[in-house]
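Only one structure is covered here, and it is reproduced in the block below.
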Protein chains: 4
Amino acid sequence: MGNTFGQLFRITTFGESHGGGVGVIVDGCPPKLAITEEEIQFDLDRRRPGQSKITTPRKETDTCEIISGVFEGQTLGTPIAILVRNKDARSQDYNEMSVKYRPSHADATYDAKYGIRNWKGGGRASARETIGRVAAGAIAKKILKQHNNVEIVGYVKRIKDLEAVVDNNTVTLEQVESNIVRCPDSECATKMIDLIDDIRKEKDSLGGVVECVVRDVPKGLGDPVFDKLEADLAKAVMSLPATKGFEIGSGFAGTTMTGSEHNDEFYIDENGETRTTTNRSGGVQGGISNGENIVIRIAFKPTATVGKEQRTVTNEGAETVLAAKGRHDPCVLPRAVPMVEAMVALVLCDRLLSYYGQCKVLDS
Amino acid sequence: MGNTFGQLFRITTFGESHGGGVGVIVDGCPPKLAITEEEIQFDLDRRRPGQSKITTPRKETDTCEIISGVFEGQTLGTPIAILVRNKDARSQDYNEMSVKYRPSHADATYDAKYGIRNWKGGGRASARETIGRVAAGAIAKKILKQHNNVEIVGYVKRIKDLEAVVDNNTVTLEQVESNIVRCPDSECATKMIDLIDDIRKEKDSLGGVVECVVRDVPKGLGDPVFDKLEADLAKAVMSLPATKGFEIGSGFAGTTMTGSEHNDEFYIDENGETRTTTNRSGGVQGGISNGENIVIRIAFKPTATVGKEQRTVTNEGAETVLAAKGRHDPCVLPRAVPMVEAMVALVLCDRLLSYYGQCKVLDS
Amino acid sequence: MGNTFGQLFRITTFGESHGGGVGVIVDGCPPKLAITEEEIQFDLDRRRPGQSKITTPRKETDTCEIISGVFEGQTLGTPIAILVRNKDARSQDYNEMSVKYRPSHADATYDAKYGIRNWKGGGRASARETIGRVAAGAIAKKILKQHNNVEIVGYVKRIKDLEAVVDNNTVTLEQVESNIVRCPDSECATKMIDLIDDIRKEKDSLGGVVECVVRDVPKGLGDPVFDKLEADLAKAVMSLPATKGFEIGSGFAGTTMTGSEHNDEFYIDENGETRTTTNRSGGVQGGISNGENIVIRIAFKPTATVGKEQRTVTNEGAETVLAAKGRHDPCVLPRAVPMVEAMVALVLCDRLLSYYGQCKVLDS
Amino acid sequence: MGNTFGQLFRITTFGESHGGGVGVIVDGCPPKLAITEEEIQFDLDRRRPGQSKITTPRKETDTCEIISGVFEGQTLGTPIAILVRNKDARSQDYNEMSVKYRPSHADATYDAKYGIRNWKGGGRASARETIGRVAAGAIAKKILKQHNNVEIVGYVKRIKDLEAVVDNNTVTLEQVESNIVRCPDSECATKMIDLIDDIRKEKDSLGGVVECVVRDVPKGLGDPVFDKLEADLAKAVMSLPATKGFEIGSGFAGTTMTGSEHNDEFYIDENGETRTTTNRSGGVQGGISNGENIVIRIAFKPTATVGKEQRTVTNEGAETVLAAKGRHDPCVLPRAVPMVEAMVALVLCDRLLSYYGQCKVLDS
């Protein structure tokens, strides 16, 4: 279980890093949305390995094929199946890992749970699994764009202790894509790239923080109690590999303020809209979007698979050491940006459909 | 929507702060579990208002009634309905709020979404809604206890910038309950209590961090991809009112380490079990529990409703000011502890049942 | 599990026949629907025991209380909890059944599954459980009425081999309610009543067929593949106690026709609408409503609990005999009519919300 | 929506009759089940077109590829994706249908709901969609076989008014597969084949009844209230194309009996098991399996697409006539047999996993 996400705009992903391929079924997509493989490929290319010197050198084009659900360029309302074949499989890199558990990786827990695992690559625990999410996210983004011109911009906020300065009201996709680390603060980006390149040479890895802003969110998305928008966003991004923390709005820093300092006071803007003067809420109040920018941050740990030798154990209970072979990212954050955007888009699209389902039937 | 949580151990809560009452339906509970209203009441009493000078003075006993699903002291396997009647309703305190939106509260977003809200108290957005969660959590805790002696201990880790020192291997419920702020570091607790008492007098409020440790978790709970254990835990606690952030294991701090520093190396313990020397993973690897302590932290913002005067607007679009009346918590954290424990218990219990559903059928 | 029904308009029922009460949580209800306890009570009164000489003499008023989700006469969009207390409990009637399994009842299977059962009355397997469905159905009916003037009329079509002649285009609730057996063919109704009264005196029971027509259904409800409208309707009514069969449109009789005889030819009506000249499809084609009358039939077996002596076994594996005491319906069909209507309303309301969720977002 | 079925053993199908292919994702499958493409192909071959003179001459081998979820011949516990490419596409046969609605087919309702449809073949409404179900069903059957030696045998019970005599205690797959109409009564089978061959020549079609028996079902499968086993079975098979009715056990015929006649009396068998002397319940009591044979019957209407000329309308609202081209089944029942078996297997497997999820956790 656990391979389906969303209630109305619902995706199911499949595939291991080595095997026939990976992909996604998107169910519940509104009909008559114009969508092409090229639009989906755009985000897949931002996610794919081998895109720069600071990502894994594993070469995969990750070319997607729409198998079903689209007819003459438009969605049918039926399930959209998207398949990406696996290509560059050097499974011999993994022979050692068939018996040795990589520290802080999923090898040991998969064996504990299932009694079996695909040890060629990360199997289902590989970041390759996120291809299906990113493909589905591209469709969700287009729906949000078409509905209310919603704009989702993710970027690398921090690598180790190098933190970028970014204005969430103005940051653009173009700025994010202007460098290989996906940090719109170009000065900081240069330092980040150097830092990652250095750690790569040391056969070690780095972590950091991705921030994501969503602008022009309709009011009313998210539901009270368990499906609060921040709860669904937290689940969405914490389901990405290597995540260790989540914040919305003021986050952990906000806990050191008093209530009167922290509250976002209301005012009426020039269009008569209820707005807030500040946005410590991060665009969500009572679990429901209030129309301000949604702002979240996600902590990504340093990549678990490193070339340095480490103590570990075998699947037969013997202690040993491992210096991982294979081709791995020295830092997942540049490739994590489109993953975060995709998960945010999936949540918002799902809640948008849910909003129509509950609140528009008696309007008409 | 959004009032149901869990897949196999599934709860549905209902009720507003003012009206007939609040409660929960627990579906999927294993049969023949011994459970009493007293056991449930124990956690409800830890959650109820009026329990100390640093919580809201609103007086409610929050006495629970089991309506169904339990027969001669044992669960039937059918839905357990638990009802708590509302009692101490001083809705006149809220007359002003029928037109004025409380800053950083749910008033404005509920109106935007539904076009209607129960303005007497917080309605469905009141923390009173968590009664159902805590009641259901008491049942989940008992199942986990009975199954594997699983122990869940939540506590107040930080208030504003007062941070407690706590050993997660040894901290007990008794230590947590030994003071009214629910901080097992008694020296720090005294300071916290004073700080909260001071802010109360200033008609302002404070936030902080709750930490929760789970010991003796079976290996194998949680599912790859979307239902990773950390993702479900994040959603669970981020669905509690006033939360702004979530961390598991090393959290945001872990992002400044290198991979070789951060990884939890494996060893074989005296019982032949695969264990880790450190626990930066927080008990979860690849989305699945590895048997080490699960450790999470949750950021709670300062209570939104404060007695200080603030700028706001009315539901008719006029700017105004509001100094909230009513009886509110100067700091939600002491009462949030049992809520966090309940949400953690619900997730673990649900994943335990799911584990049996998928992985035990062909064993037998 | 199994106590929740529906995806967007989602109900969860609870309660046993003996114990604190029974009821329902309705989640996902559109906000600002005017609804009163009286409107709900109307259908509950059609369902309640003791309403006539041909139903069980058990006396219960089944008075409902709306606990939450309705504020000043309107739905809030939050969960609507409805509670009906149990009153007329003569559990001494059931002492014998604590050890003896009633043939063709749920006693033995509950014990086999759960290892425990509430033997006072039918417990969760009692028809009393349907109170929650009927209450929720009253709300669903009102939404459908308000949305498109949808009209749902159920009635007793056949008792044993007495079959009524009814025109589905014109039959009204008033005609159905004009006699105690709920058969709009008054001549046939009289015979049915006599037949049931006779079997009651013989301490035996009867079965039959309920038919239900839905008029003015919007086109487009129901979804391809697994959630075809006929599949959801089948599940809905086959989840009622004592059901053995389901038909839509031509049903089993349609299987003896050829395709060219059976097909519903299309024409364009005076309003330019695509219509069919016949309705062997029963209002559904390809799983989706086509705007014609939805017509279904449900087979109800004779009541399992009879006063006549029968061979059975005890829960300890001994053979014995049982002549059931207690107060039971000689024929469930008159009381089943509002249950069938409720289940049909729940399905249609859920699919209506789902239709808006998927198909209206990009329209606006 | 509507393309996912099951709660724990959960399948999601995709694909249209013309386009890249069709297939299924199976989520929640127990790990370490040995399964091969050959085992799946066996049932696909029973379903595929062109298998005999009484099925559509459309030639497709329907060769399946397992894309993921199986490693070295065993299931991983991760999603099993199975893809069947479309091959024999003669979409020119369908040009006329791009504007003309086939009577009693899904063309008009898809257009009404989605405003778009894949008119090449039946699109998503094609019986080709059932490939995914049959493939998943083969896996479910193997789990049931391995768990408790559960045996599922479907067969053609009736074509038009030719009804077979079959003993459900002894009927075997081999008998069913011994002739092309899949009727184990060989004398009756011969007549059925002739009847279908005749109607084929007349460019018309026939319907009938499929019966399915399940032997050696564990007690305890199915859940009270909405997920009663008969309700889930009804939904499962009524979601197959062309179904008009469902019966379990005594079905509609049972409604003419009295309770004392209809009830299945209990006895204790030689192994001390609680059994019933008759089986009018069809293996299910109170929604839960009682260990007796599960027996269901499904009404299939005559194939809607016929070569005879019929009155219809265009998608632009003009009246016209249509004599369908394309290659269609004169009678769907022989190919429906593996579809019914698959749906029954999916329900039972899902309920088996659910039973372990709820009822085995506190046993161990």
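Note that the coordinates shown come from a computational prediction; the quantities given were computed from them, not determined experimentally. In what follows, chains carry the letters A, B, and so on, assigned in the order in which the sequence lines appear, proteins first and then strands, with residues in each chain numbered from 1.
If you measure heavy-atom distances from B/I25 to chain C, the contacts under 4.5 Å come from the side chain alone. When heavy atoms are compared at a cutoff of 4.5 Å, C/Q7 approaches chain B solely by way of its backbone atoms N, CA, C and O. Of the atoms belonging to B/I80, not a single heavy atom falls under 4.5 Å from chain C.
Salt bridge status for B/E39 with B/K141: absent, with no side-chain N to carboxylate O gap under 4.0 Å. A salt bridge is defined here as a Lys NZ or Arg NE, NH1 or NH2 lying under 4.0 Å from an Asp or Glu carboxylate O, and C/E65 with B/R85 meets this definition. Using a cutoff of 4.0 Å between basic side-chain nitrogens and carboxylate oxygens, B/D27 and B/R10 are not scored as salt-bridged. A salt bridge does not link C/K87 to C/D62: none of the charged side-chain nitrogens sits closer than 4.0 Å to a carboxylate oxygen.
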Go through C/Y110 and C/H105 one step at a time and tell me if the ring pair (Phe, Tyr, Trp, His ring centres under 6.0 Å) criterion holds. CA-CA 10 Å; C/Y110 270 59; C/H105 212 289; 8.8 Å; no
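No other option in B/I67, B/T75, B/T4 has as many heavy-atom pairs under 4.5 Å with chain C as B/I67. Per-residue heavy-atom pair counts under 4.5 Å with chain B were compared for C/P31, C/C29, C/G123, and the maximum is reached by C/P31.
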